[in-house]
Every structure is written in C-alpha cells, then in structure tokens.
Amino acid sequence: MAHFTVLRGGRVLDAAGRDAPFRDILIEDGTIRAIGAPGLEAPADATRVDASRHLLHPGLVNGHTHGSGALLRGFRDRMNLELLLIVTPARFANQTLQIKYLNTYLGAIEMALKGCTLAYDLTFGLPVASIEELIVMGQAYRDAGIRAVMAPMLADTSFYAAQPGLLESLPPELRGLVSESGGTDAAEILRLMEEALRTWPHDRDHVKLGVAPTIPTHCSDELMRGSDRLVREYGTVMQSHIGEAKYQVVAAEARYGKSMLAHVDDLGLLGPHFSVAHGIWLDDDDLKRLADKGASISHNPGSNMRLGSGIADSRRMLELGVNLAIGTDGPASADNQNMYEAMRAAAQVSYVRQPDHRKWLTAPEIVRAATEGGARLAGMEHVGVLAPGKRADIVFLSLEHPNWTPINDPANQLVLVEDATAVRHVMVDGRFIVRDGRHVSADLARLAVEAEAARDHMARANADAAAKVAKLEDAVTAFCRGLSSKPYRVERYAAFPCRCEETGGFSAEAV
Ligand SMILES: Nc1nc2[nH]cnc2c(=O)[nH]1
C-alpha cells in the first residue's frame with residue numbers, strides 16, 4: 001500500500017530562486033506527487049510533517065569529490081596540484097577495507113549533515129581497490145543515506161610518465177625513486193571495470209557505478225576508448241579531470257598536438273554522460289565542443305583556489321551552453337565537504353574573475369548549478385528539483401537561525417549567507433536522514449575514535465613511501481613551474497595569480 005507524507009507550512013524555494021512562497025508538499029512512496037498552496041489535499045492517513053518556520057530547498061548535489069580522502073582533511077598547506085598528485089597517493093596507500101569504508105562514510109555523513117544528498121565520487125581506482133571493496137564503499141553511501149555516483153579513477157600511465165620530459169629532468173639519484181609504469185595495463189583495468197559494472201549490486205538510483213579515466217594524460221588512448229565503450233554499453237556516466245592546472249594542459253598539448261579536451265573529443269568520448277572536473281584551462285573551442293555534445297563541467301572553486309590552479313570562467317561556460325555543476329573536490333584538496341561554501345566560493349570567484357559585474361554569476365544560477373545542474377551531470381535526473389515526479393530529496397533550513405533573520409532574498413541568502421549551520425532536517429526519498437541537526441544513525445563519537453586510529457595506521461604504514469616522495473618534491477614542482485611558464489592558448493585566463501606570474505599576470509585581454 002502506498003505511503004503518503006505531507007509537509008505542511010514550509011516556504012519552498014521557487015524555480016527562479018528569488019521567492020519562497022508558503023507551499024505544502026505531498027510525497028507518495030518517496031516521490032513528490034504535488035506541491036500546492038497551504039491546505040493541499042492529502043490522504044487522511046498521510047504522515048504529517050510540520051515544516052513551518054523552515055525554508056525547503058532541493059538536496060544539494062556535489063558534482064565532484066573524492067570519498068577516499070576524508071581522513072586527509074586539512075592535510076598540509078602550500079600544496080599545488082602536482083604536489084597533491086605525488087604526495088597524497090604515498091600518504092594514502094595501505095588502507096584496510098575498514099579504512100576505505102570509514103573514509104567514504106565520513107565524507108558521506110559530513111555531506112548529509114551539510115545538506116548534500118548526491119555526490120559524484122571519484123573513488124579509488126581498479127585495481128587499487130578491489131571490486132568487493134568498491135561495493136563496501138558503495139554501502140557506506142547507502143548507510144549514510146545519500147545518493148552517489150562512484151567512479152573508480154582509472155590510470156595506466158604514471159604521473160612521471162604523463163609529463164613528457166619530467167623523468168629525464170630528474171637528477172640521476174632521484175630517478176630510481178619513481179616508477180614509469182602506471183601499474184596495471186589497460187586491458188586488465190578494463191576487464192575489472194566491466195566486471196564491476198556487470199555485477200554492481202547497489203540500486204543504481206541510489207549508488208551507481210561510473211567510470212573515471214582520471215586525467216587523460218595519465219591514461220593510454222586504449223584505456224580512454226575502452227572506458228567509453230563501457231560507459232555506453234552499461235548506460236552510465238564518465239568524469240575526468242581536464243584543464244585543471246596549466247602545467248597539465250601544456251604537457252597535453254605537447255603530447256597530442258592539440259588541447260587535452262580536443263583529444264578527448266576526437267577519441268569520441270564526449271556526450272551528455274560526460275563531465276569535466278575543474279575545466280579551468282579550457283578555451284572557447286573546448287567549451288563549444290562540450291556544449292555541442294551536451295556535456296557538463298563540475299566547477300570546483302574552493303579546490304581551484306586551495307591548489308592555486310586558477311579561476312575557471314564559469315560565465316563563459318554558461319554563455320556557450322555547457323551544463324554547469326558545482327563541486328567541493330575531495331577533502332585532501334578542499335578539506336571540508338560543504339556545498340554551501342562551494343556555492344559561495346563560486347559566486348565570489350566569479351566576481352573577481354569578471355571585470356563587468358553584469359556578467360557575474362547570479363545566486364539563482366549558482367543554486368541551479370548546485371542542484372539541477374549537478375543532477376544532470378550525475379545522470380540522476382530523478383532528483384535536483386522540487387517538482388511533481390521527482391524524488392523527495394529535501395533540505396529543511398531553520399528560518400529561526402540568524403542566517404535567515406530576516407529573509408531578504410532566498411537565493412542570495414542560500415549562496416552568500418548560509419554555511420550549513422541552519423540545516424535542521426534532510427530527507428532522501430521522503431525519509432529523514434538528518435533530523436534536528438543529527439544524522440539519524442551515525443555515531444559521531446565512535447567515528448572520531450576510529451578516524452584517529454585510522455590516521456595513525458596510515459601514517460605508520462606509509463612513512464617510508466612519504467619520505468621517498470618528499471625527496472622528489474622540489475624537482476617535480478620546478479619542472480611543472482617550467483611548463484606553467486610556457487605560453488598557452490588560454491593565456492587570458494592567467495588573469496589571476498594562479499601560479500602564472502611568470503606569464504605576466506593580468507593580460508590586456510582579461511581587462
Ligand atoms: N584536485 C584533484 N585533482 C586530481 N586529479 C587527479 N586526482 C585528483 C585529485 O585527487 N584532486
């Protein structure tokens with residue numbers, strides 16, 4: 001028998017974002033059936049929820065994170081992307097199955113408490129994690145109650161081989177410390193990925209498996225093409241880190257004779273199922289290719305600043321028709337998993353990025369990107385909007401919180417004021433996963449004890465590898481700085497420090 005719930009007396013953020021009229025919401029078995037004026041008709045036996053003095057908005061969608069990294073939050077400052085890519089894998093190895101679960105669960109609980117109900121998680125690759133471990137990490141999302149796309153990060157080329165000339169540039173005493181090989185070959189990675197897709201046990205509306213060739217230059221074309229075949233065959237989604245740092249796009253251009261994104265397009269990978277993480281160093285041609293194919297970008301401004309990677313031109317993405325989502329990035333490079341902060345950062349970087357304030361992102365555009373845009377990027381269009389037919393993933397913000405006292409403009413306050421402290425309840429499928437500010441099942445005290453122990457285990461198990469990598473830091477960063485100092489086609493994007501001071505900082509084109 002169908003189960004009905006009716007939320008009465010709440011103020012529901014309207015589609016345009018500038019208003020939040022009083023509306024009742026009728027939910028049938030987790031799906032929104034009707035939204036109407038107060039007094040909306042509901043079956044007599046419907047569960048009644050008092051939503052008065054609350055603003056209701058769709059659950060936020062985190063377009064890009066790494067659930068594998070929760071234990072590394074706050075790890076090291078002054079860390080750019082190249083350091084992140086060589087240092088964190090060394091700090092992060094030797095995770096037991098329990099620690100892999102714990103990492104993912106911790107991040108998922110944090111997101112739930114902060115109003116996020118769907119995350120696109122680029123998780124441990126295959127065979128770094130086994131298929132069984134991926135399934136257990138998927139269970140972490142089920143246990144936390146939020147939805148996820150879990151996309152294993154695939155690579156068959158090492159960081160050192162991905163940048164032509166890097167290995168040769170290393171002094172002989174360092175060369176022996178690095179591996180040229182990406183570990184496992186493409187055919188074996190693809191075999192595992194296909195088996196994982198074929199046998200994935202979780203309900204795909206809640207936790208589905210995606211595919212993430214992690215960075216195109218870290219993947220052979222065989223791995224990229226094979227990933228594409230699997231994504232199309234199994235009807236899932238793909239995400240790749242593209243145009244994140246200048247050194248990467250310069251290295252890619254040297255390798256492919258064209259942009260990283262053009263190479264991916266020419267391999268036939270783009271489509272509505274495809275999304276780019278970061279997309280800072282993309283030019284108009286790259287963006288048009290994405291728009292023409294209906295692809296998306298997860299704009300991750302907090303991480304882009306934390307790593308000094310640059311400031312993406314989010315206005316240009318929208319102008320050229322790319323679907324925009326917003327992400328936090330993983331805890332190793334973005335620390336917390338707070339989508340309200342990510343929205344605020346998206347607003348603020350757009351203000352400093354664009355001289356013309358009429359082109360700054362508006363608050364409703366940002367809310368849309370963090371909800372509907374993210375749901376489209378994740379291929380989960382049954383969520384992201386509060387409307388009949390959509391699943392009832394709903395955040396209740398207390399209107400008695402200082403963030404909302406008084407209400408001047410709902411969208412502006414959601415983006416520029418809210419910091420997750422007014423999150424009171426969170427529903428997924430019409431059921432509370434957070435109630436009165438507490439997760440309904442997580443034991444945070446126990447989690448804290450387990451996290452401390454896990455951190456110590458990883459520090460002990462990885463001490464030698466971390467010491468080895470520490471010796472490489474200066475040589476690697478010097479090489480990447482050299483690449484970043486070379487001219488690149490989107491030099492106008494050097495409009496901010498972005499570690500591009502060598503290229504002259506502000507260019508005439510930017511102002
Ligand atoms: N920011 C970021 N970029 C990446 N590119 C490949 N892996 C990562 C990662 O973990 N974080």
Side-chain angles (χ1 to χ4, degrees), residues 62-93 95 100 103-104 107 119-126 128-129 137 150-163 182-183 210-219 223-224 227 238-249 251-252 260-261 264 275-282 297-312 325-337 342 345 349 469 476-477 480 498-499:
N62 190 346
H64 178 71
T65 185
H66 298 279
S68 49
L71 291 165
L72 279 194
R73 63 186 72 235
F75 167 70
R76 188 175 170 149
D77 62 359
R78 292 180 166 182
M79 183 168 62
N80 54 31
L81 181 69
E82 51 272 33
L83 282 174
L84 176 90
L85 293 181
I86 63 167
V87 170
T88 54
R91 292 292 299 250
F92 220 50
Q95 293 195 25
K100 286 177 173 143
N103 253 313
T104 310
Y120 201 132
D121 176 356
L122 270 59
T123 188
F124 290 103
L126 290 157
V128 179
M137 288 185 276
M150 294 187 65
M153 287 187 283
L154 309 182
D156 60 350
T157 306
S158 79
F159 173 88
Y160 297 94
Q163 278 53 248
V211 184
T214 182
I215 304 171
T217 45
H218 292 218
C219 301
L223 183 56
M224 299 289 284
S227 299
M238 178 189 281
Q239 189 170 102
S240 189
H241 298 91
I242 296 185
E244 181 174 2
K246 189 179 172 193
Y247 83 84
Q248 284 183 336
V249 291
M260 195 188 256
L261 197 280
V264 170
S275 58
V276 163
H278 302 281
I280 303 164
W281 294 85
L282 302 181
I297 294 180
S298 178
H299 172 39
N300 312 313
S303 166
N304 296 345
M305 290 190 283
R306 165 76 143 98
L307 299 174
S309 300
I311 297 184
I326 292 176
T328 57
D329 206 353
S333 59
D335 309 297
N336 68 27
Q337 299 290 285
V349 298
V469 168
V476 168
T477 51
C480 292
C498 313
R499 297 184 292 123

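We count residues from 1, following the sequence as given. Remember, it's 1-based here, ligands and their atoms both numbered in the order they're listed.
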Any idea which protein heavy atom is nearest [atom], and the distance to it?
atom: atom 3 (N) of ligand 1; result: Glu244 OE1, 2.8 Å
atom: atom 1 (N) of ligand 1; result: Asp329 OD2, 2.6 Å
atom: atom 11 (N) of ligand 1; result: Leu84 CD2, 3.3 Å
atom: atom 8 (C) of ligand 1; result: His241 NE2, 3.5 Å

Interatomic spacing from CD1 in Ile215 to NE2 in His278 - rounded to 0.5 Å: 9.0 Å

To the nearest 0.5 Å, tell me how far Leu85 CG sits from Thr214 OG1. 7.5 Å

Shortest non-hydrogen separation from Val349 to His299 and the atoms involved: CG2-NE2, 4.0 Å

What part of [X] sits under 4.0 Å from ligand 1 if we count only heavy atoms: the side chain, the backbone, both or neither?
X: Thr88; answer: neither
X: Leu122; answer: neither
X: Asn300; answer: neither

Hey, can you tell me if Phe124 and Phe92 have their rings parallel, tilted or perpendicular (30° and 60° cut-offs)? parallel

Do the ring planes of His241 and His64 sit parallel (below 30°), tilted (30 to 60°) or perpendicular (above 60°)? perpendicular

Donor-acceptor under 3.5 Å (Ser240 side chain, Ile242 main chain): no

Any donor and acceptor pair, going by atom type alone, linking the side chain of Asp335 with main-chain N or O of Gly74 inside 3.5 Å? yes

Which atoms of ligand 1 sit under 4.0 Å from any heavy atom of [X]?
X: Ser333; value: 1 (N)
X: Leu307; value: 1 (N)
X: Leu85; value: 4 (C), 5 (N), 6 (C), 7 (N), 8 (C)
X: His278; value: 1 (N)

Closest candidate by heavy atom, reference atom 10 (O) of ligand 1, pool His66, His218, Gln248: His66

Please determine whether side-chain hydrogen bond (donor to acceptor under 3.5 Å, both in side chains) holds for the pair Ser275 and Gln239, giving the CA-CA distance in whole Å, both sets of side-chain angles, and the decisive distance to 0.1 Å. CA-CA 5 Å; Ser275 58; Gln239 189 170 102; 2.9 Å; yes

